[in-house]
Engineer: 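One structure is given below, represented as C-alpha cells, and several questions about it will come after.
We're numbering straight along the sequence, starting at 1. Hydrogens, waters and symmetry mates are skipped; everything else that's a heavy atom, side chains included, is used.
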Amino acid sequence: MHIKQITISNFRSFRKQPEIQPFSQGTNAVVGRNGSGKSNLFDAVQFVLLSPKFWTLRTEDRQALLHEGSGTAAVNAYVEIIFDNRDGRFQGFSSDNTNSDEIVLRRTVGSKKDEIFLQRKKTSKNEVMSLLEGAGFSKSNPYFIVQQGKVNALCVMKDTERLELLKEVAGTTVYDEKKKESQFKMKENTESMSKIQETLTYMEERLEELRGEKEELTMYQQLDRDRKALAYTLYDKELRRARETLDEIEQQKAEEAESRYAIHEQAKNAANAITTVEGKLKTKTMGLRRNKVYLKEMEEDKTAAMTLQTKLELQTKEAEENIHLHEATLTRNKHEIESLTTQITSASHTLHSEIQPKFDTSKSTLTRMTTERNACQKKMDALYAKQGRGRQFDTKEERDVYLKAQIEDLKSAQLEKENLL
C-alpha cells in the first residue's frame, strides 16, 4: 500500500494544484525553497488522514485552511489522496466485501462545512478512522507520519522506550488497548453472570414458594368462582326484586300522574270558577255600592218624608184643635181628617218597609195622598174661609205658595227615584 496521487485545491498556499503523481512505492522526496509549500503539503496529507491536529475544526480553523491569495476568495477547499491497495491493506470498506485496487479518500472543508468522502461517497469520520486503523493509521500510533525533530528524539531514546515505540509503529498498541478493554468487559460480564446466577437461585427458591402458592391460588380461584356464582345468583334475585319494585313504582308513578292530571284539571276548573265568582263578586260589589248610594238617597227621602209627616201631623193637630173648637160644625171634616191620618200612616209604613220593590205602589199612594191632601187642604181653606181667620198663614197667597213649594219638592223627589230606578 502506498500513495499513488494527491490532488489539492484552495488548501492554504495551493490554489489550483494539478494532480501530484506518480509516487514511488519506496521513498519519495519533496524539495524546494523556504515558503514553497512543503509544510502545507505535509499538512494536507495529515488533513486527509484525520490526524489529531485536524480531527475537530472550529469555524476559524476551517477559515484558516482556505486559500487567501489574490483574486476571488476561496469558498471551500479539498484534498484528495488515492492509495494503491493491490496488497489489500484496506479492507471492509465495501458492502460486498470485495477489495478495490485503489482507495480514494477526499476531505472537503468550508466556512460552514467539513465533509469526508470514501470512494467518492460521503461517509462519517468514524467509519474512515476505522478503515485507517485497520490499515495501520491509528490515532494511538502517531508515528505513521514522522515530523521534523522526531528522528533525533528516536536516536536518544532508551531501549524500553524504543520498544514501546516499535509497538506503536507496528500497531500492536491498539490491540493491547483492545485487549485491556476486552478484559475489562470480561470482568464486567463475569460479575454480571454472578449476579444472574444469584438471581436464578433466588428465582428457583421463589419458584418453589410459588408452586406452593399455586395450589392455594387454585383453591382460592375455585372458591372465588363459587363466591362469584353465589354473588351473581344473589345479585340476580336482587335485580329481579328491584325490577319488580321498579315496575310497581312506575305503575304508581303513572297512577299518580293521572291523579295529578285530574287534580290539575280540578284546580283549573276551580280557578275558572274562582275567576267567575270573582267577576260576579265584583259585579255584586258594584251593585252593592250602587244600592248603598240608592239606600242613602232613600234614607234621605225617608227623612224628608218623615219631616213632611211631622209637618202634616202638626197641621193635623192644628186641624184637630180647630175641629175641637168647632165640633159641631166640623164633625164631618174630623172624620175626613182621621181618614187622611190613617192613609198618611199607611203610606209612611209602606215607604219605610217596602221602598224599592213597591216604589210604584208608593208613587200611586203618594199621588192619592197628595190628591186627598189637596182636597183636605181645600176643605181646610174652606173652613178657614168660613171661620174668617187663618192661624197658620196670614194670607191665602202665603198658604198657596207654601203648598206649591211642598208639591214641587215631592215631584222632585219622585223624579229622582224614577231616574234611579
Side-chain angles (χ1 to χ4, degrees), residues 210 213-309 343-370 408-421:
L210 292 175
E213 293 176 358
K214 181 181 179 182
E215 297 178 357
E216 297 178 358
L217 179 62
T218 303
M219 185 180 296
Y220 169 77
Q221 290 176 347
Q222 181 63 36
L223 295 174
D224 186 61
R225 284 193 293 270
D226 296 339
R227 180 185 64 80
K228 288 180 178 179
L230 292 173
Y232 175 78
T233 303
L234 292 174
Y235 292 155
D236 185 63
K237 290 182 179 179
E238 291 178 358
L239 180 61
R240 290 179 181 177
R241 286 197 297 270
R243 285 177 178 173
E244 292 175 356
T245 305
L246 182 61
D247 292 337
E248 294 177 357
I249 293 172
E250 289 293 335
Q251 186 176 1
Q252 292 177 0
K253 183 178 179 182
E255 293 176 355
E256 290 179 358
E258 293 178 357
S259 176
R260 285 197 302 271
Y261 178 76
I263 293 171
H264 177 71
E265 291 296 327
Q266 292 177 1
K268 185 177 180 181
N269 296 331
N272 294 332
I274 290 170
T275 304
T276 305
V277 170
E278 286 178 350
K280 291 181 179 180
L281 179 61
K282 186 175 181 181
T283 304
K284 294 294 184 181
T285 303
M286 296 297 293
L288 180 61
R289 290 178 181 175
R290 288 194 299 269
N291 291 334
K292 286 182 178 180
V293 174
Y294 177 72
L295 181 60
K296 184 177 180 182
E297 293 176 353
M298 293 299 291
E299 289 290 338
E300 293 176 355
D301 294 341
K302 177 183 177 183
T303 303
M306 292 297 292
T307 303
L308 179 61
Q309 181 181 359
Q343 292 176 0
I344 291 172
T345 304
S346 176
S348 299
H349 177 73
T350 301
L351 180 66
H352 178 70
S353 60
E354 298 177 356
I355 295 174
Q356 185 173 359
K358 296 181 178 180
F359 178 73
D360 295 334
T361 304
S362 298
K363 181 179 178 181
S364 61
T365 303
L366 181 61
T367 303
R368 188 177 64 256
M369 288 175 67
T370 303
E408 292 295 330
D409 292 336
L410 290 173
K411 288 182 178 180
S412 298
Q414 182 182 357
L415 290 174
E416 288 178 358
K417 292 176 181 178
E418 290 177 353
N419 292 329
L420 291 173
L421 294 174

Engineer: What's the spacing between Asp301 CG and Thr307 OG1 if we round to 0.5 Å?
Structural biologist: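 With rounding to 0.5 Å, CG (Asp301) is 11.0 Å from OG1 (Thr307).
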Engineer: Crowded around Glu215 CD? As in, over 12 foreign heavy atoms under 6.0 Å?
Structural biologist: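 Counting neighbours around CD of Glu215, 12 or fewer heavy atoms of other residues, nucleotides or ligands fall under 6.0 Å, so no.
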Engineer: How long is the span from the CD atom in Glu244 to the CG atom in Leu239, to the nearest 0.5 Å?
Structural biologist: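 Going from the CD atom of Glu244 to the CG atom of Leu239 covers 10.0 Å.
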Engineer: Just verifying a value: how many Å separate Leu295 CG and Leu288 CG, rounded to the nearest 0.5 Å?
Structural biologist: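 So the gap between those two atoms works out to 9.5 Å.
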Engineer: As an exercise, state the distance from OG1 of Thr245 to CZ of Arg241, rounded to the nearest 0.5 Å.
Structural biologist: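 So the gap between those two atoms works out to 8.5 Å.
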Engineer: How would you list, by chain and number, every residue that makes a side chain to side chain donor-acceptor pair (under 3.5 Å) with Arg225, sequence neighbours excluded?
Structural biologist: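 With sequence neighbours excluded, Arg225 shows a side chain to side chain donor-acceptor pair (under 3.5 Å) to Gln222, given in chain and number order.
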Engineer: List in chain and number order the residues that pass side-chain contact (heavy atoms from CB on, under 4.5 Å) with Arg240, two or more places apart in sequence or in another chain; answer none if no residue qualifies.
Structural biologist: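 With neighbours one apart ignored, the set is Asp236.
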Engineer: Can you name the salt bridge (Lys or Arg N to Asp or Glu O under 4.0 Å) partners of Lys284, sequence neighbours left out?
Structural biologist: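 For Lys284 there are no salt bridge (Lys or Arg N to Asp or Glu O under 4.0 Å) partners, ignoring immediate neighbours.
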Engineer: Salt bridge check, Asp224 against Lys228: does any charged N sit closer than 4.0 Å to a carboxylate O?
Structural biologist: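 Looking at Lys228 and Asp224, the cut-off is met.
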Engineer: Mind checking the CG-OG1 spacing from Leu223 to Thr218? Nearest 0.5 Å is all I need.
Structural biologist: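 So the gap between those two atoms works out to 11.0 Å.
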Engineer: Once side chain to side chain donor-acceptor pair (under 3.5 Å) is applied, do any residues pair with Asp409, and if so which ones, sequence neighbours excluded?
Structural biologist: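 With neighbours one apart ignored, the set is empty.
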Engineer: Quick one: salt bridge (charged side-chain N to carboxylate O under 4.0 Å, His left out) pairs with a partner in residues 287-296, sequence neighbours left out?
Structural biologist: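 Salt bridge (charged side-chain N to carboxylate O under 4.0 Å, His left out) check on residues 287-296 returns no pairs.
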Engineer: If a pair satisfies side chain to side chain donor-acceptor pair (under 3.5 Å) and one of its residues is in residues 250-262, list it, with sequence neighbours excluded.
Structural biologist: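 Every side chain to side chain donor-acceptor pair (under 3.5 Å) pair that includes a residue of residues 250-262, provided the two are not neighbours, is Tyr261-Glu265.
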